[in-house]
Structures are given as C-alpha cells and as structure tokens.
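One is the number of the first residue; the rest follow in order along the sequence.
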Amino acid sequence: MAAYQTINIEEWNRKEHFNAYRDAIKCGFSLTVKLDITQVIPFVKERGLKFYPVMIYLLSQAVNQHPAFKMSMKEGELILWDRVDPVYTVLHQDTETFSALSVPYSDSFIDFIDSYNQVLQKNENNRSFFPEQAPQNHFNISALPWIHFESFNLNIADFTDYFAPSFTFGKYQTEGSKILMPLAIQVHHAVCDGIHVAKLIDTLQQACTTIQTLK
C-alpha cells in the first residue's frame with residue numbers, strides 16, 4: 001500500500017465544497033471527451049506493443065500528477081495518496097466476462113509495461129471478477145473497444161465516500177486527419193471540480209501528442 005498524507009479539512013480551501021457534495025448534496029459528475037491519439041497508434045505499432053496497456057500507462061501517469069484524483073477516506077479522515085494504481089478490466093473472449101486486475105504505477109514506462117504483462121500472464125486462466133485483491137490506493141479503468149460513443153455514464157446507486165475516479169475508453173476512429181478516441185470520466189464532486197478534470201485532460205492529451213519522446 002502506498003503512503004499518504006492526511007488533509008486537514010478545516011484548513012482546506014475546498015472545505016465548504018467538500019462538505020456540501022459529500023453530505024448535503026451527494027453529487028458526482030461525468031463527461032466524455034474525444035482524445036487525439038493520432039501519435040499513439042504509430043508509436044504502438046512501431047514498438048510492437050499492445051494499445052490498451054500503453055493507454056493505461058499514459059492515463060495513470062496523468063492521474064498521478066493531479067491530487068484531486070488521488071483522494072480517499074481512511075478511518076474517517078480524508079487522505080491524499082502519494083500514488084494511485086490503476087484497476088483495469090480485461091475481457092475473457094471464451095466466456096464474455098471480465099476480470100479486474102491491477103498493477104503498481106511506475107514512472108518508468110518499460111517497468112510498467114513489464115509489470116502489466118506479468119500480471120496478465122499470471123492471471124490469464126483466472127475467470128474471477130477480482131483474481132487478486134485491489135489496492136486501496138486505486139482508480140478505475142474500463143474499455144468498450146467495440147463502441148465509438150459520444151457519451152457514457154456509470155449509474156452508481158451509492159458512492160458515498162468513494163472518491164476513486166473511473167475512466168472508460170471507447171473505440172477509436174479516424175475523423176479527418178486525426179484518430180480520435182472517446183474517454184468517459186466519472187468523479188465524485190466532493191473532491192473534484194470541472195477545472196481539475198480539464199487540467200487532467202490537458203495533461204493526458206499532451207502525453208498522447210508527445211508520446212514519440214517516451215522511452
């Protein structure tokens with residue numbers, strides 16, 4: 001489990017917003033953007049990589065740069081994880097079910113991809129929903145590679161004090177000179193506002209655009 005620091009809510013500049021969206025008006029929000037992955041596709045092909053783990057890495061890298069996406073409740077206190085790890089779904093073609101796997105986030109692209117492949121190989125014959133216990137310091141990723149959607153929303157009945165964000169990749173397609181992929185983002189409003197989502201999207205888009213410099 002990653003280290004964390006406790007947030008003093010009484011001295012936090014989002015105290016009122018946190019209390020309002022956590023207690024008075026329990027609220028989350030979602031939105032869908034089209035991510036420009038024009039540079040990602042040739043990068044993946046040239047290096048003989050799989051697209052999904054590369055996108056998981058880029059998203060994990062972006063998420064870990066923004067505190068609003070790394071918050072959680074622990075023993076009644078609001079905390080900020082030093083690092084959050086992706087919990088992502090993988091499909092089993094034979095049963096058309098999926099498992100949720102996780103890999104520790106690493107700044108090193110090579111180390112992350114190696115860990116991803118090791119976890120995948122270890123659990124390739126396991127059809128459990130959670131082959132291994134998900135880390136507390138996590139966020140969520142899923143994929144709908146069959147659908148190029150304009151909007152996507154998770155209907156969560158009760159996510160009280162569950163602040164881990166959820167991301168869903170859709171099917172990418174060519175539009176003009178660009179290759180665009182829908183990305184749905186769902187967050188808890190108690191810890192995350194629109195400006196935070198906008199900054200995250202900017203960070204992720206920059207990573208996709210400059211991916212050829214990744215080593």
Side-chain angles (χ1 to χ4, degrees), residues 2 32-66 69-70 81 83-135 137-149 152 154 164-173 179-186 200-201 203-215:
T32 301
V33 298
K34 288 190 176 182
L35 202 61
D36 184 349
I37 59 167
T38 308
Q39 300 302 320
V40 178
I41 301 303
F43 174 86
V44 169
K45 291 181 177 179
E46 289 166 6
R47 301 203 179 191
L49 299 170
K50 293 182 179 179
F51 176 75
Y52 190 38
V54 171
M55 290 308 305
I56 291 176
Y57 170 79
L58 293 177
L59 180 55
S60 300
Q61 183 186 55
V63 165
N64 274 283
Q65 294 180 49
H66 296 274
F69 301 89
K70 300 194 293 180
W81 294 109
R83 184 196 81 233
V84 286
D85 300 331
V87 171
Y88 50 90
T89 59
V90 293
L91 178 70
H92 305 299
Q93 296 284 354
D94 56 340
T95 60
E96 293 190 348
T97 60
F98 66 86
S99 294
L101 303 177
S102 182
V103 61
Y105 171 68
S106 169
D107 287 333
S108 169
F109 174 67
I110 294 176
D111 290 348
F112 183 89
I113 296 299
D114 285 345
S115 295
Y116 176 94
N117 290 332
Q118 290 173 18
V119 169
L120 188 63
Q121 183 177 16
K122 177 183 177 182
N123 295 284
E124 62 181 348
N125 296 317
N126 195 325
R127 298 298 184 263
S128 301
F129 188 0
F130 284 98
E132 300 177 355
Q133 185 174 358
N137 55 309
H138 73 272
F139 70 99
N140 306 292
I141 301 175
S142 60
L144 292 173
W146 319 276
I147 306 171
H148 186 85
F149 53 78
F152 179 88
L154 290 169
S166 295
F167 301 87
T168 304
F169 296 124
K171 180 181 180 180
Y172 62 78
Q173 65 184 27
I179 302 175
L180 303 179
M181 181 181 67
L183 172 65
I185 303 170
Q186 185 143 335
L200 173 71
I201 293 169
T203 300
L204 179 56
Q205 183 58 72
Q206 179 67 15
C208 291
T209 302
T210 61
I211 191 171
Q212 292 291 350
T213 63
L214 192 61
K215 297 180 180 180

(message) Give me the atom names and distance for the closest heavy-atom approach of V84 to K70.
(response) CG2-CG, 3.7 Å
(request) Heavy atoms only: give me the nearest P86-S102 pair and the separation to one decimal. (result) O-OG, 3.0 Å
(request) Indicate yes or no: at least one non-hydrogen side-chain atom of C208 is less than 4.5 angstrom from one of Q39. (result) no
(request) Taking the side chain as every heavy atom from C-beta outward, state whether M181 and F51 have any atom pair closer than 4.5 Å. (result) yes
(message) For T168, is there any backbone N or O sitting under 3.5 Å from a side-chain donor or acceptor partner on S142?
(response) no
(request) Considering non-hydrogen atoms only, spot the tightest contact between L180 and H148 and give its length. (result) O-CE1, 3.6 Å
(message) Rounded to the nearest 0.5 Å, what separates atom CD1 in I179 from atom CG in L35?
(response) 12.0 Å
(message) Whether the side chain of N140 engages the backbone of V87 through a donor-acceptor N/O pair (distance < 3.5 Å, no angle test) should be reported.
(response) no
(message) Are more than 12 heavy atoms, taken from residues, nucleotides or ligands other than I110, located less than 6.0 Å from that residue's CD1 atom?
(response) no
(request) Indicate yes or no: at least one non-hydrogen side-chain atom of F109 is less than 4.5 angstrom from one of V54. (result) yes
(message) Could you report the tightest heavy-atom contact between S60 and F112, atom names first, then the distance?
(response) OG-CZ, 4.3 Å
(request) Please report the shortest heavy-atom distance between V119 and N123, naming the atom on each side. (result) O-ND2, 2.9 Å
(message) Any side-chain to backbone donor/acceptor pair from N64 onto R83? Under 3.5 Å, distance only.
(response) no
(request) State, yes or no, whether a side-chain contact exists between Q212 and P42 at a heavy-atom distance under 4.5 Å. (result) yes
(message) I want to check something: taking the side chain as every heavy atom from C-beta on, are K171 and W146 in contact at a cut-off of under 4.5 Å?
(response) no
(request) Please list, chain by chain and in numerical order, all residues satisfying side chain to side chain contact (heavy atoms under 4.5 Å, CB included) with F98, sequence neighbours excluded. (result) T89, F129
(request) Just say parallel, tilted or perpendicular for the rings of Y88 and Y52, cut-offs at 30° and 60°. (result) perpendicular
(request) Please say whether more than 12 non-hydrogen atoms of neighbouring residues, nucleotides or ligands are located less than 6.0 Å from CD in Q133. (result) no
(message) Centre-to-centre under 6.0 Å for Y57 and Y116, is that the case here?
(response) no
(request) Please assess I185 against I201 for the test side chain to side chain contact (heavy atoms under 4.5 Å, CB included), listing each intermediate value before the final yes or no. (result) CA-CA 10 Å; I185 303 170; I201 293 169; 3.8 Å; yes
(message) Within this structure, what is the CG-CD1 distance for the pair L59 and I141, rounded to the nearest 0.5 Å?
(response) 4.5 Å
(request) State the CG-OG distance between L120 and S115, to the nearest 0.5 angstrom. (result) 12.5 Å
(message) Counting C-beta onward and ignoring hydrogens, is there a side-chain heavy-atom pair between F152 and I147 closer than 4.5 Å?
(response) no
(message) Using side-chain heavy atoms (C-beta onward) and a distance below 4.5 Å, is F169 in contact with L183?
(response) yes
(request) Rounded to the nearest 0.5 Å, what's the gap from OG1 on T203 to CG on L58? Could you check? (result) 12.0 Å
(message) Does any part of the side chain of R127, heavy atoms only, come nearer than 4.5 Å to the side chain of D94, both counted from C-beta?
(response) yes
(request) Look up atom CD1 in I113 and atom CD1 in I56, then write down how far apart they are to the nearest 0.5 Å. (result) 8.0 Å
(message) Give me the atom names and distance for the closest heavy-atom approach of A2 to W81.
(response) O-CZ3, 3.3 Å
(message) Distance check, rounded to the nearest 0.5 Å: F43 atom CZ versus I37 atom CD1?
(response) 13.0 Å
(request) Would you confirm whether Q205, through its side chain, and D36, through its main-chain N or O, come within 3.5 Å as a donor-acceptor pair? (result) yes
